[in-house]
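Just below is one structure, and these are the notes that go with it.
Whatever order the structure lists them in is the order used to number ligands and atoms, beginning at 1. Numbers here are sequence positions counted from 1.
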Amino acid sequence: MPDSAAKAAYADVADRLERATALPRTAFADPAVFAAEVEQVLKAGWLPVARESALAQPGDYRAVDLLDTPLVATRDADGQLHVLSRVCRHRGMPVVEGEGNAKALTCPYHLWRYGLDGRLAAAPGMEQSTLFDREQCRLPAVRTDRWGGWLFANLDGTAAPLAPQLTALEARLADVDPASLVTADIIDLDSPWNWKLMVENFLESYHHIGPHAASLQQTNPGLGTWVRDTGALSTVLENPPVDGDHPPFVVAAIFPLTLMFFTEGPARLGVWYELDRITHQAFRLRIHLLADPQIAAVPEFVAEYRAQVLAVHNEDIPACEGVQQGVLSPLYTPGPLSHLEAALWRFHRYLQARM
Ligand code: FES
Ligand SMILES: [Fe+2]
């Protein structure tokens with residue numbers, strides 16, 4: 001029974017941080033737990049599918065692979081944003097890949113042509129079918145919401161609207177103004193570890209003292225970080241600098257998997273860790289480099305920022321791969337969490353509530 005396995009995996013999440021532990025082996029090893037997470041957490045939540053700045057013009061589209069559901073985010077001719085299934089209503093071919101701008105989405109198999117609002121505009125050679133009804137052959141739309149410059153999709157249609165649940169996060173990030181940042185570049189990385197390990201790695205800076213000893217620890221020491229309570233759907237991790245010569249940065253998450261980072265110095269920069277093609281033990285990580293539009297327009301600066309972000313992520317990869325191997329060991333037992341890992345406990349509480 002998937003449900004009872006999932007319930008058991010999260011049964012021991014503590015109600016107090018002082019008693020919190022890491023997740024048990026089953027939370028990572030049991031396919032039934034992953035199946036329950038897909039239905040009760042991922043499909044039931046708001047998942048980010050695009051930056052609105054990537055869909056600025058009518059005709060802009062971006063294909064995304066959320067779990068088992070190929071989607072396309074679009075801006076139609078009237079300027080409306082949509083998240084649509086991109087599975088052709090004929091025989092199931094994905095009608096588009098990647099991103100770009102188009103007047104219509106034309107399936108490459110038999111050239112059925114869809115508007116960016118999902119309506120079927122034309123289908124050659126279908127006049128003899130008594131079943132064919134152009135009006136009925138629309139690409140199904142997925143429920144959407146918007147916040148902070150992101151377009152979100154909710155696959156099962158049950159999630160409550162985002163904005164009322166994010167007022168504390170919104171207030172904290174008012175100066176950062178995430179909506180004003182644009183994607184300057186994207187780094188694609190196949191990531192062979194469970195999606196929750198990426199969330200956990202992102203949400204604590206305790207490990208600055210380990211993998212980032214020569215980088216982030218020098219500027220924003222792990223033991224000085226602290227977690228801000230912004231309600232049940234989000235969390236914030238504050239990273240004060242070592243001295244006045246370095247800027248603070250802030251890490252934040254909207255559960256289950258919107259992961260964001262913003263510097264708070266003179267250069268307005270950020271990062272969005274997008275997780276797509278999520279399977280039980282792997283996903284594709286797309287690191288979006290977010291920047292003030294003026295900075296994003298300077299290729300040398302973007303290249304330098306890309307190198308910096310990649311260098312830090314390369315320090316995280318051995319940790320994520322190592323923990324993935326470790327938590328699958330029959331001899332792994334979950335250890336106690338530090339107060340510096342309060343955001344992990346908040347994430348676990350979120351998961352527990354949905355299981
Ligand atoms: S599968 Fe798309 S047109 Fe045939
Ligand atoms: Fe890290």
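For the Fe ion (ligand 2), the N/O/S atoms of His207 include one lying under 2.8 Å. Taking 2.8 Å as the criterion, His212 counts as a coordinating residue of the Fe ion (ligand 2), since one of its N, O or S atoms falls below it. The distance from the Fe ion (ligand 2) to the nearest N/O/S atom of Asp316 is under 2.8 Å.
Between His288 and Tyr273, the ring centre distance reaches or exceeds 6.0 Å.
Figure legend: cation-pi geometry between Lys196 and Phe28, with NZ or CZ positioned under 6.0 Å from the six-membered ring centre and within 45° of its axis.
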Exercise for review: Under the salt bridge (Lys or Arg N to Asp or Glu O under 4.0 Å) rule, what do Asp229 and Arg346 come out as? Steps first, then yes or no, please.
Suggested key: CA-CA 9 Å; Asp229 184 347; Arg346 294 171 51 73; 3.1 Å; yes
Review point. How far apart are the C-alpha atoms of Asp276 and Arg284, what are their side-chain angles, what is the distance that settles it, and do they pass the salt bridge (Lys or Arg N to Asp or Glu O under 4.0 Å) test?
Key: CA-CA 5 Å; Asp276 79 350; Arg284 177 174 67 161; 2.8 Å; yes
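Here the side chain of Asp76 pairs no donor or acceptor atom with the backbone of Leu116 at under 3.5 angstrom.
Residue-and-atom listing of protein N/O/S atoms under 2.8 Å from atom 4 (Fe) of ligand 1, sorted by chain and number: His90 ND1, His110 ND1.
At a threshold of 4.5 Å between non-hydrogen side-chain atoms, the residues Thr144 and Val142 do not count as touching. Between Arg25 and Val327, every side-chain heavy-atom pair lies at or beyond the 4.5 Å cut-off.
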